[in-house]
Amino acid sequence: MNTIDRRTFLTASAASVPLLPALVSASSAIEPKRSAKGPMAISSANGMRAVTKAVEMMRSGSAPVDAVVHGVAIIESDPNDMSVGYGGIPNETGVVQLDSCAMDGPMHKAGAVAAIENIKNPAQVALKVLRRTDHVLLVGEGAKQFALAHGFKSEDLLTDRARAAWLKWKENLNPNDDWLDRDQHIEKDPRQALAEELGIPYHYGTIHCSALNANGDIGACTTTSGLSYKIPGRVGDSPIIGAGMFVQNEVGSAGATGRGESLIQSCGSFQIVQHMANGDHPTEACLKVLKWIADHTKRHDLLNDKGQPNFGATLYALRKDGVYGSATMRGGASFAVHDGTEARKERCAVLYE
Ligand code: GLY
């Protein structure tokens, strides 16, 4: 389904975007990259163990969607990773609420859970929603009850380390909370600055993992504990199909980490896949969506004094032929890839140096 005509898009882009300097400076990252024949997977940088597990599982015959869900489970279950699952940073009231989704390319079926509590591996619950229901998204208590009905255990997900960070946050809380109360350009989110000053984590967390098997079938998932110290009930992009993840089996898959609000309001992952359908290299598709997000960020408090977004977002894309790419809003990020021969990290292309 090519919803965006390539010529129209490029003409519109050329009119609104003088000539993306970052697209030019990132051109080396746009060189086509091909995987070895056979299963492969890409992930956000925190997913080295996920891509390795996913490739192993696909080699043993697992479907790509099962492979990615079990790949990210390693990180979801790790109490030392504070961005997803057990050990994730809690919300404003000290409760860990998790978001996750999974999508099966051949069936074009998705499953997702949002703001689920007490379940360590929400991506596995998303997979159950995908396989065992006619629905796509279950939220909150309903998602938890569904998980319990399928034999998942209710557990306390708040580790002492995450609790200590949250307490420090609470003790130092001031106007820098999630309620909008400012209207000026700022270099850095004051909540981020406060967390840095306190030496505690503050992030949008998240692992995305996409996998391709030897038949050219694709599966993907994204999982997160979401924005640190968020307003209870806040749902990010990770469980939203088309925002934090999207698969179109005949084209490829895409996923996102970073500021979920920007990815929901851009349908970021859906846009990436449509750009690939229109012939863009995965890296180019990711850069175009980052530029789209930048062009549509209007609130002053989300822009620095150069008029650029002051938040982070990193996008990942995997094409059906094994070509892949990733791009980030601002310098320094990497992503994980297992190309069928080894797992390694590669640098993301960058929109703003
Ligand atoms: N990207 C994760 C979140 O915003 O919750």
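Both counts, for ligands and for their atoms, begin at 1 and track the order of listing.
Between the side chains of T257 and Y316, at least one donor N or O sits under 3.5 Å from an acceptor N or O. Side chain to side chain, T206 and H208 fail the donor-acceptor criterion of an N or O pair below 3.5 Å.
Look at S238 and you'll find a heavy atom under 4.0 Å from some atom of ligand 1. In this structure, G244 does not count as a contact residue of ligand 1, since none of its heavy atoms falls inside 4.0 Å of the ligand. Ligand 1 has at least one atom lying under 4.0 Å from a heavy atom of R234.
A 6.0 Å sphere centred on CZ of R59 holds more than 12 heavy atoms belonging to other residues, nucleotides or ligands. Within a 6.0 Å radius of OH in Y204, other residues, nucleotides and ligands contribute more than 12 heavy atoms.
Within the listing of ligand 1, atoms 1 (N), 2 (C), 3 (C), 4 (O) sit less than 4.0 angstrom from a heavy atom of G258. Which parts of ligand 1 touch T206 is read off a 4.0 Å heavy-atom cut-off, strictly below it: atoms 1 (N), 2 (C). Atoms of ligand 1 lying under 4.0 Å from any heavy atom of G236, numbered from 1 in the order shown and given with element: 5 (O). Interface atoms of ligand 1 facing G260, defined by a heavy-atom separation under 4.0 Å, are 4 (O). Residue D237 approaches ligand 1 through these ligand atoms, each under 4.0 Å from one of its heavy atoms: 1 (N), 2 (C), 3 (C), 4 (O).
Proximity of L227 to ligand 1, defined as any heavy-atom pair under 4.0 Å, is confined to the backbone N, CA, C and O atoms.
A distance of 6.0 Å separates CG in N118 from CG in L157, rounded to the nearest 0.5 Å. To the nearest 0.5 Å, the span separating CG on N310 from OH on Y352 amounts to 11.5 Å.
Scanning all heavy atoms of the two residues, the minimum distance from P122 to I116 falls at CB-CG2, 4.0 Å.
The shortest N or O to N or O distance between G226 and ligand 1 is not below 3.5 Å.
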